[in-house]
Amino acid sequence: MQAQYYYALGFSDIVSKLFLQIYVFFFRINVYVFPSFIETYQDLWGFLTKKRKIVLSSQGTGQVYRKFYDLNQLSLELTEQYYEKNYAKKIIWIQQIELLFNTQKFQYHLKQFISYQIFHFLNALSFTPPDGYLFVIDNSLHRYLLDQHDKKHQVRFVNAFAFECILVFLYIAWLFSQLLRHKITFSTSNQSFRIYKEAGEGLDQKSLREDVFIDGEKIQKDDVLYYRIADTEYYRNRAFEQVKAAGYHTVDLKKVPIFFRNLPQTFKIYFFLPIRLFYEILIGEQSKQHGYLSIALVSFFTRSFKHFVLLSRYHCKVHISIVDRCEAPENIIMNYLGCQNVLYHWSDMTVLPTTSEAYACHDLYLCWGRIHYELYQKYKFFDRVETIGCFLLSNINYIKTDKKNRVLICDTSFGNLIHFTPMFYIQYLELVWDLVQTFKEVQFYFKPKNIIHQEMFEEELRQKFETLWHNIKQSKNFTNYEYGYPIEDAIGNADLVLNMGMNSPATLAIMAGIDAFYYDLTGNNTHPFTRFKHQVVFDDPQILKERLLECLTNKYSVFDVIPKELLDQYLDQQNNSQAKLLLSKHIAALFV
């Protein structure tokens, strides 16, 4: 490695990345940057990367056994420690936000922001060679992390305080661009809806549908307003067009007009308040060490603005979220305008605690069973939690036959920056190919989570994927379900479910009383089922094959291993058959 190259650590948001590019351009240094699942650096492509002034590393967390899990857990622990040490005493500008909005939830937004910074920093530090020179923005968080976890590297600190001050003007420019985009109207008529929700799931699924909570009694079709926020994303845009074509009330969140009479309140919250808070952050005694939080402040106002505009235009009592992670900025502004934020459970939440899903913040969480909340409740913040059972189970109808010979194969998303890498996907397909060849009398069904393209693999893996996938599909005892095939039907038509990693399909199968195995090579030690090594969770293909044969010949079952008291925590036995009714009931109770 050439000595003139530095390893850039802590450039984990759009502002610091812009600063990095400007610094590299004018000061003629060369840097390596490390992507993570928090920040991919895709927007760094350009002149500087082509000239190798900025080199993007291809190393990812998922390529190191168990690293993804350990780094996430460490990041969350350090977040709590650092926040307690520096911000728990409620510095003045945090108090001003909480006083104005009458909330205690702003801390969760700050904690998630800090946890992102910590994960990205530690991820890059772990890949930096021992003789590497570090290039680090000088602030209290980065110095804290280096004091805690690094004593050996030479560090070049750079002060970004002036750039953080420029952020004030960038925010003002953003705000006025939003006012122009949303436009001002002199109309005085407000429409009222009981519920508003992003159209992100569509109407062509069995359980996870836009209308799953509409029961025709407590909640009617006309009670709901669906919005679109990301018209460039195909599936979310498709879902919006589906509900629009079905006759539901819809609105584009980015184009909701602002009432002229609401301008004073808009400027009070989104202009005068942030300017005052910027002053507190950037002019205070420790501004140069804590000024990086101005980025978190901008994030708070930019994320909440569109919901402020919508709720100022439409009176809504309940927002139904499809985001199972921190929604503190949105939640705070919803509560300020008299709206409750509800999240209903749709995926196995016992897999692992990650910085991306930590600090979830909603008013009401409607979950399958308490374990999905209690296992990681230290990092989940809901005003109220209600168990309603799993409404997906009502659509899983296990078709039992005399002979068990149907195996469902489920994959998942992958990438080098997460725990499921492209190499793991290839290894999983190699297992599938082995099973298809070994068990000729067994019918294998493949349920893809995503549409897989050759471009998703690096060049050396592409040929392996093409060969494996071609051979598997040509097998007479293999059926490939089309993308979008209902997962409930796929599970119900199987005697055993085989999962890639610790994911929802196998968990749902077990909850439905169907045997399921997890094939995991990533080192997951956080899911409650990982204690059942070589019984429910496998990393050895040969042992898995032996267990699979025993299971299909009724000589073995995962239900002989997993304690009933553990299974009971995953679902509310009394409520599963009425989960959809309870979903509607709890939501409706918020606007009675």
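Just so you know, residue 1 is the first one in the sequence shown, and it goes up from there. In what follows, every heavy atom counts, from backbone to side chain, and hydrogens, waters and symmetry copies are set aside.
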**Asked** Tell me the salt bridge (Lys or Arg N to Asp or Glu O under 4.0 Å) pairs involving residues 372-381, sequence neighbours left out?
**Response**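 Salt bridge (Lys or Arg N to Asp or Glu O under 4.0 Å) check on residues 372-381 returns Arg370-Glu374.
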
**Request:** With sequence neighbours excluded, give me every salt bridge (Lys or Arg N to Asp or Glu O under 4.0 Å) pair touching residues 415-443.
**Result:**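 The answer is Asp434-Lys545.
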
Ring geometry between [Y] and [X] (parallel below 30°, tilted from 30 to 60°, perpendicular above 60°):
X      : Y      : value
Tyr7   : Tyr32  : parallel
Phe465 : Tyr425 : tilted
Phe213 : Tyr344 : tilted

Go through the side-chain N and O atoms of [X] and [Y] and say whether any donor and acceptor fall under 3.5 Å apart.
X      : Y      : result
Tyr483 : Asn450 : no
His419 : Tyr65  : no
Thr530 : Asn525 : no
Ser347 : Ser504 : yes
Tyr379 : Thr79  : no
Thr355 : Gln112 : no
Ser126 : Lys67  : yes
Asn477 : Ser475 : no
His319 : Asn331 : no
Gln535 : Asp560 : no
Thr522 : Asp520 : yes
Gln117 : Ser12  : yes
Thr507 : Asp348 : yes

**Prompt:** What residues, two or more places apart in sequence or in another chain, satisfy side chain to side chain contact (heavy atoms under 4.5 Å, CB included) together with Leu566?
**Reply:**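 Side chain to side chain contact (heavy atoms under 4.5 Å, CB included) list for Leu566, sorted by chain: Ile371, Pro528, Phe529, Arg531, Phe532, Ile562, Pro563, Gln569, Tyr570.
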
**Message:** Run the side chain to side chain contact (heavy atoms under 4.5 Å, CB included) test against Pro541 and tell me which residues pass, sequence neighbours left out.
**Reply:**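 Result, side chain to side chain contact (heavy atoms under 4.5 Å, CB included) vs Pro541: Leu431, Tyr519.
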
What is the minimum heavy-atom distance between [X] and [Y], and which atoms define it?
X      : Y      : value
Asn72  : Thr354 : OD1-CA, 3.3 Å
Ser36  : Leu417 : O-CD1, 3.4 Å
Ala509 : Val497 : CB-CG2, 3.6 Å
Leu74  : His149 : CD2-CE1, 3.8 Å
Arg325 : Ser356 : CB-O, 3.0 Å
Ala506 : Phe517 : CB-O, 4.1 Å

**Message:** According to ring pair (Phe, Tyr, Trp, His ring centres under 6.0 Å), who are the partners of His362, at least two apart in sequence or on a separate chain?
**Reply:**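 By the ring pair (Phe, Tyr, Trp, His ring centres under 6.0 Å) rule, His362 matches Phe382.
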
**Set of ring pair (Phe, Tyr, Trp, His ring centres under 6.0 Å) partners for Phe439, sequence neighbours left out** =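 With sequence neighbours excluded, Phe439 shows a ring pair (Phe, Tyr, Trp, His ring centres under 6.0 Å) to no residue whatsoever.
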
Salt-bridge criterion met for [X] and [Y] (N-O under 4.0 Å):
X      : Y      : value
Lys197 : Glu210 : yes
Arg303 : Glu327 : no
Lys17  : Asp13  : no
Asp363 : Arg384 : no
Arg547 : Glu550 : yes
Asp252 : Arg228 : yes
Asp211 : Arg209 : yes
Asp495 : Lys400 : no

Under the 3.5 angstrom rule, does the side chain of [X] hit a backbone N or O of [Y] as a donor-acceptor pair?
X      : Y      : answer
Thr467 : Lys464 : no
Asp540 : Ile543 : yes
Gln463 : Glu459 : no
Thr128 : Ala124 : yes
Asn503 : Pro505 : no

**Asked** Between Arg236, Arg238, Lys244, which is the residue that forms a side-chain contact (heavy atoms from CB on, under 4.5 Å) with Phe240?
**Response**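 Single pass found, and it is Lys244.
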
Does the ring centre of [Y] sit less than 6.0 Å away from the ring centre of [X]?
X      : Y      : answer
Phe68  : Phe37  : yes
Phe414 : Phe424 : no
His527 : Tyr69  : no
Tyr108 : Phe381 : yes

[X], [atom1]: over 12 other non-hydrogen atoms inside 6.0 angstrom:
X      : atom1 : value
Met423 : CE    : no
Ile14  : CD1   : no
Glu460 : CD    : yes
Gln73  : CD    : yes

**Asked** Given Trp368 and Leu508, is the side-chain contact (heavy atoms from CB on, under 4.5 Å) satisfied, shown in steps?
**Response** CA-CA 11 Å; Trp368 299 341; Leu508 281 169; 3.8 Å; yes

**Prompt:** What's the verdict on side-chain contact (heavy atoms from CB on, under 4.5 Å) for Asp515 and Cys551, showing C-alpha distance, side-chain angles and the deciding distance?
**Reply:** CA-CA 8 Å; Asp515 280 298; Cys551 188; 3.5 Å; yes

**Message:** Let's go through Glu488 and Asn397 carefully: what are the C-alpha distance in whole Å and the side-chain angles of both, what is the deciding distance for side chain to side chain donor-acceptor pair (under 3.5 Å) to 0.1 Å, and is it a yes or a no?
**Reply:** CA-CA 8 Å; Glu488 301 91 337; Asn397 299 309; over 6 Å; no

**Item:** Side-chain touch Cys390/Met511, heavy atoms, less than 4.5 angstrom
**Value:**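 When only atoms from C-beta onward are counted, Met511 and Cys390 do touch, with a gap below 4.5 Å.
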
**Asked** Given His120 and Tyr41, is the ring pair (Phe, Tyr, Trp, His ring centres under 6.0 Å) satisfied, shown in steps?
**Response** CA-CA 11 Å; His120 191 69; Tyr41 281 111; 5.4 Å; yes

**Prompt:** Given the rule in the ring pair (Phe, Tyr, Trp, His ring centres under 6.0 Å) test, do Tyr481 and Phe446 qualify, once you have shown the distances and angles that lead to the verdict?
**Reply:** CA-CA 6 Å; Tyr481 287 132; Phe446 189 84; 9.3 Å; no

**Request:** Cation-pi check, Lys221 to Tyr248: give yes when NZ or CZ is under 6.0 Å from the six-membered ring centre and within 45° of the ring axis, no otherwise.
**Result:**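 Pair Lys221/Tyr248 counts as cation-pi.
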
